[in-house]
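Remember, it's 1-based here, ligands and their atoms both numbered in the order they're listed. Side chains are part of it too, since the values below use all heavy atoms of this structure and drop only hydrogens, waters and symmetry mates.
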Amino acid sequence: MSRQSISKKRINTQILVILMFCTLAMSGQSFSQWEERSAAIMGTNIRAEVYHESEQLRNQALSAVMMQMEEINQLMSPYIDSSELSLLNREAATRKVVVSDELFYLLALSARLSELTKGAFDITFASVGYMYDYKEQQRPDQAQIDGKLQAIDYRHVQLDPANNSVRFAHHDLKIDLGGIAKGYAVDLAIERLKALGIEHALVTAGGDTRLLGDRLGKPWIVGIRDPRDEEKQAVVIPLESAAMSTSGDYERYFEEDGKRYHHIISPRTGESVYEVQSVSIIGPESVYNDALSTAVFVMGLENGIGLINGLPEFEAIVMDNERRMHYSSGLQQ
Ligand code: AMP
Ligand code: MG
């Protein structure tokens with residue numbers, strides 16, 4: 001072997017070693033450029049993961065996510081006396097109440113989603129729903145349900161866009177945004193991340209997840225849990241630049257005489273619905289996914305999947321009450 005070819009080989013080896021070192025350094029670097037944070041807000045676990053070279057920006061971004069969640073919580077929680085939602089439930093049956101742009105927007109959107117879902121999604125379910133306490137295992141009896149059922153009707157919520165005011169047209173009316181507010185907060189958090197220059201992120205609030213970009217060349221893997229075993233995943237789905245929300249009968253419930261009283265309520269009967277155990281909706285934005293997952297749960301398998309098949313931007317994955325999986329038409333190919 002000539003001197004020349006030996007030195008060439010040596011140089012090649014050196015280049016290879018340098019390349020390997022660079023790759024390792026880069027992957028180590030990109031790994032450390034991910035940062036994650038969790039917090040308990042809105043009665044659920046909020047988790048965010050962001051990617052950016054700047055550690056300062058990563059921390060700023062994660063703080064912005066949590067601040068956004070807390071802002072929506074302060075406006076819309078039924079458990080906070082000073083929230084605008086609590087104020088509406090106390091006073092909107094007797095006078096017009098002016099609310100923030102955020103709450104007004106969400107009330108108007110909720111009304112449109114009630115129309116779209118033929119009343120399956122209806123924030124006035126709370127007129128009866130407030131009598132359930134899943135932690136305390138309390139539920140209304142039939143007479144109590146019958147006494148308030150008339151109040152459930154989204155058309156009783158009168159919105160005046162001229163001055164952001166709200167008036168309830170029924171004295172027993174109560175509203176609750178538990179089926180849509182988390183998704184809305186996730187979308188607002190993603191907007192904040194985008195404004196800060198973040199291009200790869202995950203934000204999840206309970207069952208509502210939205211992904212910004214991919215996981216650096218790979219999709220995010222989002223799971224749907226087994227409704228009867230929290231350790232197990234029923235399905236995992238690769239997703240990027242998309243969102244998925246899941247509604248399940250396992251999130252808040254108690255059992256009595258073998259019957260599961262859970263938190264998704266039919267606005268028609270004022271009681272939990274039993275046709276399915278879990279509904280996941282995939283679509284571009286969490287606010288719609290959140291409301292539609294609740295709505296499809298109420299509508300049941302056929303009507304629910306029928307609704308989603310008519311909405312080109314959305315897909316559904318449903319587990320029925322015999323644990324069979326069903327998919328909307330776009331997922332069947
Ligand atoms: P999710 O976990 O998104 O399915 O939302 C469930 C939550 O939505 C419940 O905890 C209630 O706060 C609320 N909810 C229950 N039933 C309905 C309904 N029919 N329409 C709108 N919101 C509902
Ligand atoms: Mg929902």
Side-chain angles (χ1 to χ4, degrees), residues 42-46 72-73 76-79 83 85-86 89 106-107 109-135 139 145 149 151-157 173-187 204-210 224-225 227 243-254 260-283 285-300 303-304 307-308 314 316-319:
M42 304 180 95
T44 192
N45 183 40
I46 312 287
I72 294 300
N73 191 40
M76 303 185 188
S77 170
Y79 307 108
S83 74
L85 182 112
S86 296
N89 282 339
L106 209 52
L107 294 175
L109 182 61
S110 294
R112 295 216 308 274
L113 286 160
S114 296
E115 292 280 350
L116 178 73
T117 61
K118 301 197 168 66
F121 181 83
D122 188 335
I123 59 172
T124 71
F125 84 93
S127 310
V128 172
Y130 87 97
M131 291 185 282
Y132 291 88
D133 188 328
Y134 301 95
K135 264 201 200 124
R139 63 185 176 89
I145 292 176
L149 206 52
I152 300 182
D153 188 338
Y154 61 93
R155 284 162 289 222
H156 291 324
V157 181
L173 189 84
K174 291 200 189 313
I175 59 169
D176 179 281
L177 294 167
I180 192 168
K182 288 199 288 289
Y184 181 51
V186 167
D187 286 339
T204 183
D208 303 295
T209 301
R210 184 161 165 191
I224 301 173
R225 66 156 269 196
M244 181 168 86
S245 290
T246 299
S247 292
D249 65 4
Y250 50 83
E251 278 178 80
R252 289 201 274 148
Y253 73 97
F254 64 92
R260 178 179 287 243
Y261 295 91
H262 69 80
H263 68 143
I264 302 176
I265 303 289
S266 160
R268 225 167 19 83
T269 64
E271 292 179 286
S272 312
V273 275
Y274 296 103
E275 212 184 301
V276 304
Q277 294 181 355
S278 149
V279 174
S280 301
I281 303 289
I282 300 167
E285 286 175 55
S286 288
V287 70
Y288 293 99
N289 294 346
D290 191 1
L292 287 172
S293 65
T294 310
V296 169
F297 198 108
V298 171
M299 294 170 89
N303 291 337
L307 171 76
I308 298 301
F314 297 91
I317 301 170
V318 179
M319 186 186 272

| What protein N/O/S atoms are found closer than 2.8 Å to the Mg ion (ligand 2)? | Asp290 O, Asp290 OD1, Thr294 OG1

| said: Is it the case that the side chain of Asp208 and the backbone of Ser286 share a donor-acceptor pair, with hydrogens and angles ignored and the cut-off at 3.5 Å? | reply: no

| Mind checking whether Tyr261 and Phe254 have ring centres under 6.0 Å apart? | yes

| task | Give the atoms of ligand 1, by number and element, whose distance to some non-hydrogen atom of Asp176 is under 4.0 Å. | result | 11 (C), 12 (O)

| N/O separation below 3.5 Å, Thr294 to ligand 1 | yes

| query | So which bit of Lys182 gets within less than 4.0 Å of ligand 1, heavy atoms only: side chain, backbone, both or neither? | reply | neither

| query | Quick check: does Phe121 get an N/O under 3.5 Å from an N/O on ligand 1? | reply | no

| query | With a 4.0 Å cut-off on heavy atoms, does Pro267 reach ligand 1? | reply | yes

| query | Under 3.5 Å, is there a donor-acceptor pair between the side chain of Glu251 and the main chain of Gly248? | reply | yes

| query | Of the non-hydrogen atoms in Gly206 and Thr44, which two are nearest, and what is the gap between them? | reply | CA-OG1, 3.1 Å

| query | Between the main-chain N or O of Tyr154 and the side-chain N or O of Ser114, is there a donor-acceptor pair closer than 3.5 Å? | reply | no

| query | Cation-pi between Arg225 and Tyr250: NZ/CZ under 6.0 Å from ring centre and within 45° of the ring axis? | reply | yes

| task | Go through the steps to decide whether His262 and Phe297 satisfy the test ring pair (Phe, Tyr, Trp, His ring centres under 6.0 Å), and finish with yes or no. | result | CA-CA 12 Å; His262 69 80; Phe297 198 108; 5.4 Å; yes

| Hey, is Phe125 touching ligand 1 through its side chain, its backbone, both or neither, going by heavy atoms under 4.0 Å? | side chain

| query | For ligand 1, which atoms have a heavy atom of Glu251 less than 4.0 angstrom away? | reply | 2 (O)

| field | N or O pair under 3.5 Å between His263 and ligand 1 | value | yes

| Asp153/Arg155 ion pair, N-O < 4.0 Å | yes

| field | Close-contact set for ligand 1 against Asp290 heavy atoms, below 4.0 Å | value | 3 (O)

| remark: Closest to atom 10 (O) of ligand 1 among protein heavy atoms sits Arg252 NH2, 2.7 Å

| query | For Ile265, is at least one N or O under 3.5 Å away from an N or O on ligand 1? | reply | yes

| query | When you look for heavy atoms under 4.0 Å from ligand 1, do you find them on the side chain of Ala120, its backbone, both, or neither? | reply | backbone

| request: Check each atom of ligand 1 against the heavy atoms of Val298 and keep those under 4.0 Å away; list them by number with element. | output: 19 (N)

| task | Quick one: look at Asp122 and ligand 1, take heavy-atom pairs under 4.0 Å, and tell me if it's side chain, backbone, both or neither. | result | backbone

| field | Under 4.0 Å to a heavy atom of Ser247 - the qualifying atoms of ligand 1, by number | value | 1 (P), 3 (O), 4 (O)

| Pairwise side-chain contact, Thr124 with Lys174, heavy-atom cut-off 4.5 Å (strictly under) | no

| task | Taking the side chain as every heavy atom from C-beta outward, state whether Leu85 and Leu177 have any atom pair closer than 4.5 Å. | result | yes

| query | What do you reckon, is CZ of Arg268 surrounded by more than 12 foreign heavy atoms closer than 6.0 Å? | reply | no

| query | Just one of Ile180, Val296, Leu292 clears the side-chain contact (heavy atoms from CB on, under 4.5 Å) bar with Phe121, so which one? | reply | Ile180

| task | Could you tell me whether Asp249 and Arg260 make a salt bridge, using a distance below 4.0 angstrom between a side-chain N and a carboxylate O? | result | yes

